[in-house]
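Residue numbering restarts at 1 for every chain, and letters A, B, ... go by the order of the sequence lines. Being a predicted model, the structure only gives us computed values, none of them experimental.
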2 protein chains.
Amino acid sequence: MASSAPSSSTPLRIIPLGGIGEIGKNMYVFEYGDDIVVVDCGLMFPDEEMFGIDLVVPDVTYLRTRREAVRAFVITHAHEDHVGGLPYVLPEFPGIPVYASTLARGLLGIKVKEHKLHNNPLLPLDPGNELEVGPFRITPFRIGHSIPDAMGLAIRTPVGTVVHTGDFKFDHTPVDGKPSDFGVLARLGAEGVICLLSDSTRAESPGYTPSERTVGEAFREIMEPLDGRVIVATFASNIARIQQVIDAAATFERQVAVVGRSMEQNVKIAAELGYLQFTPSRLITKDQIGSSAPGRLVIATTGAQGEPMAGLARMANRDHRHVEIQPGDTVIVSASPIPGNEEYVARTIDNLFKAGANVYYHAIRHAHVSGHASQEELKLMLVLTRPRHFIPMHGEFRMQVQHGRLAIETGVAPENVYIIENGQPIEFFADGTARRGAPVPAGYVFVDGLSVGDVGEIVLRDRRALAADGMFIVVVTVDKQTGTLIGRPEIVTRGFVSDERDLEASVETVIASIRTPGEHISEVALLKSQIKEAVSRHLFEQTRRRPMVFPVVVEV
Amino acid sequence: MASSAPSSSTPLRIIPLGGIGEIGKNMYVFEYGDDIVVVDCGLMFPDEEMFGIDLVVPDVTYLRTRREAVRAFVITHAHEDHVGGLPYVLPEFPGIPVYASTLARGLLGIKVKEHKLHNNPLLPLDPGNELEVGPFRITPFRIGHSIPDAMGLAIRTPVGTVVHTGDFKFDHTPVDGKPSDFGVLARLGAEGVICLLSDSTRAESPGYTPSERTVGEAFREIMEPLDGRVIVATFASNIARIQQVIDAAATFERQVAVVGRSMEQNVKIAAELGYLQFTPSRLITKDQIGSSAPGRLVIATTGAQGEPMAGLARMANRDHRHVEIQPGDTVIVSASPIPGNEEYVARTIDNLFKAGANVYYHAIRHAHVSGHASQEELKLMLVLTRPRHFIPMHGEFRMQVQHGRLAIETGVAPENVYIIENGQPIEFFADGTARRGAPVPAGYVFVDGLSVGDVGEIVLRDRRALAADGMFIVVVTVDKQTGTLIGRPEIVTRGFVSDERDLEASVETVIASIRTPGEHISEVALLKSQIKEAVSRHLFEQTRRRPMVFPVVVEV
């Protein structure tokens, strides 16, 4: 584990391997000489063109080539887009510790068990407690976000101090009573910050993001006049939101049933670790839902993004084991649709209405606030830390552009703002200068079923082609001796036309025309490519569609 | 064409065949005895689960069964979601006239030519001019929308007067100076309206939709300080918006180039018919773009929804024949993303920024207003027309629910509000009562390539399966006499795994195990189903994926 001695001209390299140009899959690499610390290791959910893919995790080819230099993984908070990649990445880095907050370690414990990640020690990361890893001295500081114990990082390096905000907002009245640590941010600004990496997710939104506490007020206003059941859907990891559901229920003497595997697990762990406060009788089990009076019940569940397999969508589709929506139910969708999920959310809300529920959702009533900072908060972060260089992180390109403009407005030199893509290192030197380094490999690794990485772009391209126009198999038998076709070609098609019988005769004619009868077919490969080309052309002329054509030639 | 004499108990039937539970494909049937008038005939674009489908048009099975009764198609305005289905529906109704406004007839002329719809006379429909069709007396009235000449319809029937709003908003300062006709609406309300059908698209939005004129002000504010090129993307059919682009360009002495086939066609027709006003030198051709000074140029183009084949996306991708985005360009995306298009729009904006443009878009600067009425306008429509019964039309289920609530707030009896699905008739009687009738067939017809309707749910289900996990062809040859397998099975796979060689040996073993060697295979079909089942199970166990497995058995 000995590092080669770095010289005074050794740069600090900051390399995003995720978190840029996409929601999710956050991963930043901090490299100084032969020491690397990795901050976060998230996953993202596939977009609509990644057919059949379950999850997307960062491509860690670069870390693999520098395996000996990796010293630690540091986790800012336990949301999936910051920790979900660990099960797929850690097995390549046995023995390397993972540092995380108490709550994050609790939630990660589930992953450790499920994925048997016992080769990586899970170590504490606490606000204010400095961690020394190689040449890095890392001080986590408390920052507001939609999960307790979220942290930003002050990373002291031989070339200067870097501030990594993690996901954040400035909530002056957080539900857990622990606001962001302005003191440490101001002190870092006074000491000098060579680079700030800050959360761009809401860089397009003017003003301030409202406090999480406002959601509790909305819950109470909605619940007050009701005498039916109340169902609240939110993120399983949003412990503060769940606390507010419980508190609102307590105001109206309702009991709370938590429904949904991930939310049940999280509530259990958060309660054990002291992150959720309630009297034990407040919570009831799923099995007690049926025997509760509607006016005495709140159900907390998952699926606020309309995910088809989660609690809310199943309830809406009358496909849930414990809860069936009934007239008189009131549903609060406590979330805004994440880009790409709009149609799922819309469909779920429509189905809830059809099942007879009344629904409060983003377009009608805000019972949700973001966990990310808006423009005024982003500017506050910039003026507190007063960085020399600035890397807008998290969020899509246009959001980084907006965030970069905010940085320039607050005094960062335009040439010191780096709108970069994943894999683009920025190198920082002891004299305070910085430059772009040579790009390293970065990208997507697809998780599909049991496998990680065996589905690549070619497989996806084929899936897209199959999805668009289906497939068309032509089986022909040829006599090995004479080269003549034997019998009639057999046709199998799927996803192409509803009735292929109309095409059988014409395809037979097309195949027959490929060669003079009796001509010897010496090359099966040649015959296949001729069939493929002729049949594809014929089908396109007939239908203006391009199914994938598979010629099967059997020699007998 | 003689109608059987209707009795005094004959109901008026209003049947939606489109326009409910979806954006687009609007079509309402008005039926009295043996006379039918069809209002609008739209198309919708496929959602993300309709793989490979080009367009979706209404299922007109019901009209087909009542072909002899269909007297007319009446068009409220020439947007695709109200007229796009005509080319696929009209050929089944030769000779039946289509009534439409002057502008709509102009724009429909393009479709008539392209689709050879010469068997249906295209007749005028003018505000205030009553049209008599069988027992229906139809008076179109002027209404505000994002296309000139949009109309609502007062339909006088033997059981009372129905008001169909078309798509509408109340714009008191419309760009063409022709506001909605409040007089006729108030008069209809005073006379008595048995049923109002009203546009629910923005029933979730409180307040008023701003005037189209505010967009022109935004254009001017954005353009004023600029000395580079300005590119404005909007809908090709939004003639009022294009007028405002031209007017703003005139303010700053810029010339306008219109780029994009559909927009060029529409501008030509609208100008010829007097719906666009400009001095001829204001417009330049695409070929003159290169020789224009950047500060003297505005480019108007299509693709504001991020459609991959339209002008803006191509410019963003450096794939446009006439315009390449360059640093210094300012792009105004004058639209809000339609649900389902969010990711296309986001990608296009990101690409424009990457190409060096500055972009004004919905999240940053509103240079767009909706063409649909918000809640206060919807309530105004309700109190003006004072209907006895109410059918919220256009828009998804939850929007209809909200619109129904507004109707009840303004005094419609809750039992007289009909939240219905396509194919659900509402029957109105002379005594002012109404009831739900027996549902008629309604749904989607898919247009894919050259065909209409030959792609059904089974084809789509197969496309979805192929998209998720790809396909796996197994070819085996058996001896017809002995029933034994000859040689090794051949495997072809696409969209399944990147490297199928790992699976070849194990699949071979699985197939060999299906039968005792030497056993006679009498039934090819049985062998096929055995192979399919055994290979599917094996592949799922190995990969947790379910490709479509196609066994091909060749007997020799």
Taking every non-hydrogen pair under 4.5 Å, which of [options] racks up the most with chain B?
{"options": "A/Ala346, A/Gly487, A/Gly470, A/Gly456", "answer": "A/Ala346"}
{"options": "A/Leu352, A/Ile364, A/Ile349", "answer": "A/Ile364"}
{"options": "A/Met471, A/Arg461, A/Met548", "answer": "A/Met471"}
{"options": "A/Arg546, A/Arg544, A/Glu342", "answer": "A/Glu342"}

| Aromatic centroids of B/Phe550 and A/Phe550 separated by under 6.0 Å | no
So for [X], is it side chain, backbone, both, or neither that comes closer than 4.5 Å to the heavy atoms of chain B?
{"X": "A/Ala465", "answer": "neither"}
{"X": "A/Val497", "answer": "both"}
{"X": "A/Met50", "answer": "neither"}
{"X": "A/Arg494", "answer": "both"}
{"X": "A/Gln542", "answer": "backbone"}

| request: Give the C-alpha distance, both sets of side-chain angles, the deciding distance and a yes or no for side-chain contact (heavy atoms from CB on, under 4.5 Å) between B/Arg464 and A/Phe51. | output: CA-CA 9 Å; B/Arg464 283 192 277 265; A/Phe51 291 139; over 6 Å; no
[X] atom [atom1], neighbour heavy-atom count above 12 within 6.0 Å:
{"X": "A/Phe540", "atom1": "CZ", "result": "yes"}
{"X": "A/His366", "atom1": "NE2", "result": "no"}
{"X": "B/Ile486", "atom1": "CD1", "result": "yes"}

| request: Flag the pair B/Lys354 and A/Glu396 as a salt bridge only when some basic side-chain nitrogen lies within less than 4.0 angstrom of an acidic carboxylate oxygen. | output: no
| What is the distance from atom CG of B/Asp448 to atom CZ of A/Phe496, rounded to the nearest 0.5 Å? | 9.0 Å
| note | Rounded to the nearest 0.5 Å, the CD atom of A/Glu555 sits from the OG1 atom of B/Thr477 at a distance of 10.5 Å
| note | Highest number of heavy-atom pairs under 4.5 Å with chain A among B/Ile473, B/Leu460, B/Val492, B/Val359 belongs to B/Ile473
| field | Option that, when pairs with chain A are counted at under 4.5 Å, heavy atom only, ranks first among B/Arg545, B/Glu343, B/Glu457, B/Glu490 | value | B/Arg545
| For A/Arg463 and B/Leu466, what are the C-alpha separation, side-chain angles and deciding distance, and is it a side-chain contact (heavy atoms from CB on, under 4.5 Å)? | CA-CA 6 Å; A/Arg463 287 183 185 174; B/Leu466 290 165; over 6 Å; no
| request: Pick one of side chain, backbone, both or neither for B/Ile53, based on which atoms fall under 4.5 Å of a heavy atom in chain A. | output: neither
| field | Residue part contacting chain A, namely of B/Glu541, when any heavy atom lies under 4.5 Å | value | backbone
| request: Evaluate the criterion side-chain contact (heavy atoms from CB on, under 4.5 Å) for residue pair B/Val475 and A/Val475; output intermediate values, then yes/no. | output: CA-CA 9 Å; B/Val475 185; A/Val475 185; 5.6 Å; no
| said: Check whether A/Arg398 reaches the backbone of B/Asp350 with its side chain - one donor and one acceptor, N or O, closer than 3.5 Å. | reply: no
| remark: Hits for salt bridge (charged side-chain N to carboxylate O under 4.0 Å, His left out) against B/Arg488, two or more places apart or cross-chain, chain-then-number order -> B/Glu508
| task | Assess the side chains of A/Asn358 and B/Arg405: does a donor N or O sit below 3.5 Å from an acceptor N or O? | result | yes
| query | side-chain contact (heavy atoms from CB on, under 4.5 Å) between B/Gln400 and A/Phe353: does it pass, once the steps are laid out? | reply | CA-CA 10 Å; B/Gln400 296 176 54; A/Phe353 273 119; over 6 Å; no
